[in-house]
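Please read the structure below before turning to the comments.
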Amino acid sequence: DAKAFACRQMSLIGDENAVPALAQALVADAGLAHMARLALERIPGSAAAAALRDALAIPDAADLVGLVNSIGRRRDSDAVTILGTIVVNADAELTEACLAALGNIGSAEAATILLGLGDTLPAGVGPFYAQALFACGCRRQDAAADVAAMGIFTRLRRPGVSEPVRAAAFGRLLSLDSTRAQAWVLEGLRDPAPETVRMATGFIAGTSGPDATRAFAAVLPDLPIGARIGLIGALGQRLDPTALPVLMAELSGTEENVR
């Protein structure tokens with residue numbers, strides 16, 4: 001109808017002048033609430049953000065998941081406290097939405113809330129929690145908050161986190177601290193996740209220096225076959241003769257693929 005059409009138009013061309021009417025429709029007109037929310041999500045400025053937060057704070061508000069999603073897409077850091085309150089008492093769907101919003105907002109307060117959730121979340125949302133933590137870590141790294149980002153990515157290296165997220169967190173760690181990268185790479189070569197091993201060997205192939213070559217080559221004989229093959233290829237790409245003694249020794253081994 002005409003009101004729904006007006007809401008759709010406001011989502012495209014609306015400004016802060018449209019916010020009062022949209023905010024009223026959001027909380028008082030069930031038929032228009034969805035369209036009003038989408039319009040408020042897209043209108044820039046503090047007034048639209050405040051309207052969404054105010055609706056979220058209403059007891060028994062309708063479409064909480066939608067409101068949280070809109071707030072998360074806006075990256076409204078002023079909503080972090082209320083999201084942190086909701087997430088600990090929500091059902092699974094709303095918890096997942098709050099986690100995603102907190103991760104996408106990625107402020108220092110959002111990081112603190114996410115790291116503090118720990119084992120308090122409902123069963124089954126672990127993968128969503130890991131994804132939210134990773135997104136938040138990326139936001140903190142982008143904001144040059146490297147210490148906070150390192151804490152998040154280190155947390156995601158724990159057992160039980162999915163292999164893709166653990167590998168992605170490993171890659172982020174390597175980009176954060178060059179002084180510890182070599183130690184992390186040596187650890188990554190022994191990781192059970194093939195994705196992490198590939199990331200470690202890719203880092204080796206893209207760096208140089210005889211001391212590092214010597215350290216990487218020294219662990220070659222003790223690695224699983226897949227990691228050994230990957231490391232041999234990476235050492236070859238370094239074009240560093242420091243690795244030759246270890247590589248020559250591998251020629252006399254029993255593993256055909258390694259030879």
Side-chain angles (χ1 to χ4, degrees), residues 103 111 114-115 117-119 126-142 144-259:
L114 285 171
L115 287 169
L117 289 174
D119 299 325
F128 298 94
Y129 177 55
Q131 291 166 12
L133 263 184
F134 181 77
C136 188
C138 294
R139 295 293 191 190
R140 300 316 300 147
Q141 185 177 5
D142 292 343
D146 290 354
V147 173
M150 195 176 303
I152 291 172
F153 295 134
T154 300
R155 171 82 164 264
L156 290 171
R157 293 288 299 145
R158 293 180 179 179
V161 178
S162 69
E163 289 187 7
V165 174
R166 289 184 72 245
F170 177 72
R172 287 281 180 161
L173 283 172
L174 295 182
S175 70
L176 275 167
D177 189 346
S178 59
T179 64
R180 298 171 64 182
Q182 180 173 312
W184 281 329
V185 166
L186 290 170
E187 175 187 318
L189 289 171
R190 294 182 170 86
D191 196 280
E195 294 172 54
T196 298
V197 174
R198 284 194 292 272
M199 201 162 288
T201 56
F203 180 90
I204 292 169
T207 56
S208 60
D211 291 340
T213 299
R214 193 174 293 109
F216 297 139
V219 303
L220 179 60
D222 301 323
L223 295 176
I225 297 300
R228 284 166 70 187
I229 293 171
L231 179 54
I232 289 169
L235 291 171
Q237 291 182 61
R238 289 172 74 91
L239 301 176
D240 187 344
T242 307
L244 280 175
V246 174
L247 294 174
M248 293 298 292
E250 289 295 309
L251 285 173
S252 61
T254 59
E255 290 291 339
E256 180 179 352
N257 290 335
V258 172
R259 294 201 304 273

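Under a 3.5 Å cut-off, the side chain of Thr154 and the backbone N or O of Gly151 do not form any donor-acceptor pair.
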Which is it for Arg190 and Val197 under the side-chain contact (heavy atoms from CB on, under 4.5 Å) test, yes or no, and what are the steps along the way?
-> CA-CA 7 Å; Arg190 294 182 170 86; Val197 174; over 6 Å; no
Carefully, step by step, assess Leu247 and Leu220 under the rule side-chain contact (heavy atoms from CB on, under 4.5 Å).
-> CA-CA 9 Å; Leu247 294 174; Leu220 179 60; 4.1 Å; yes
Are Leu133 and Phe153 close enough, and set up right, to give a side-chain contact (heavy atoms from CB on, under 4.5 Å), and what steps lead you there?
-> CA-CA 8 Å; Leu133 263 184; Phe153 295 134; over 6 Å; no
Test side-chain contact (heavy atoms from CB on, under 4.5 Å) applied to Arg228 and Ile225, step by step | CA-CA 5 Å; Arg228 284 166 70 187; Ile225 297 300; 3.3 Å; yes
Take Arg238 and Thr213 through the side chain to side chain donor-acceptor pair (under 3.5 Å) test and state the conclusion after the steps.
-> CA-CA 8 Å; Arg238 289 172 74 91; Thr213 299; 2.9 Å; yes
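Heavy-atom minimum distance, Cys136 versus Leu114: CB-CD1, 3.7 Å. In terms of heavy atoms, Pro210 sits closest to Asp240 at CA-OD2, 3.2 Å. The minimum heavy-atom distance linking Glu163 with Pro194 is given by the pair OE1-CD, 3.8 Å. In terms of heavy atoms, Ala234 sits closest to Ile204 at CB-CG2, 3.8 Å. When all heavy atoms of Val246 and Ala217 are compared, the pair lying nearest together is CG1-O, 3.3 Å. Nearest heavy-atom pair across Val185 and Phe203 is CG2-CD2, 3.3 Å.
A distance of 13.0 Å separates CG of Leu189 from CZ of Arg198, quoted to the nearest 0.5 Å. The CD atom of Glu195 lies 8.5 Å from the OG atom of Ser162; values are rounded to the nearest 0.5 Å. Atom-to-atom distance recorded for Leu186:CG and Leu223:CG is 9.0 Å, nearest 0.5 angstrom. One distance of note links CD of Glu250 with CD1 of Ile229; it measures 10.5 Å at 0.5 Å rounding. Annotation: the span from Leu235 atom CG to Phe216 atom CZ amounts to 8.5 Å, rounded to 0.5 Å.
In this structure, Asp211 pairs ionically with Arg214, as a charged nitrogen and a carboxylate oxygen lie closer than 4.0 Å.
The closest side-chain heavy-atom distance from Met150 to Arg155 is not below 4.5 Å.
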Show me, pair by pair, the donor-acceptor contacts under 3.5 angstrom made by side chains of residues 166-175, not counting sequence neighbours?
unit_1, atom_1, unit_2, atom_2, d
Arg166, NE, Arg157, O, 3.3
Arg166, NH1, Asp191, OD1, 3.2
Arg166, NH1, Asp191, OD2, 3.3
Arg166, NH2, Arg157, O, 3.3
Arg166, NH2, Asp191, OD2, 3.0
Arg172, NH1, Gln141, OE1, 2.8
Ser175, OG, Gln141, NE2, 3.1
Ser175, OG, Arg172, O, 2.7

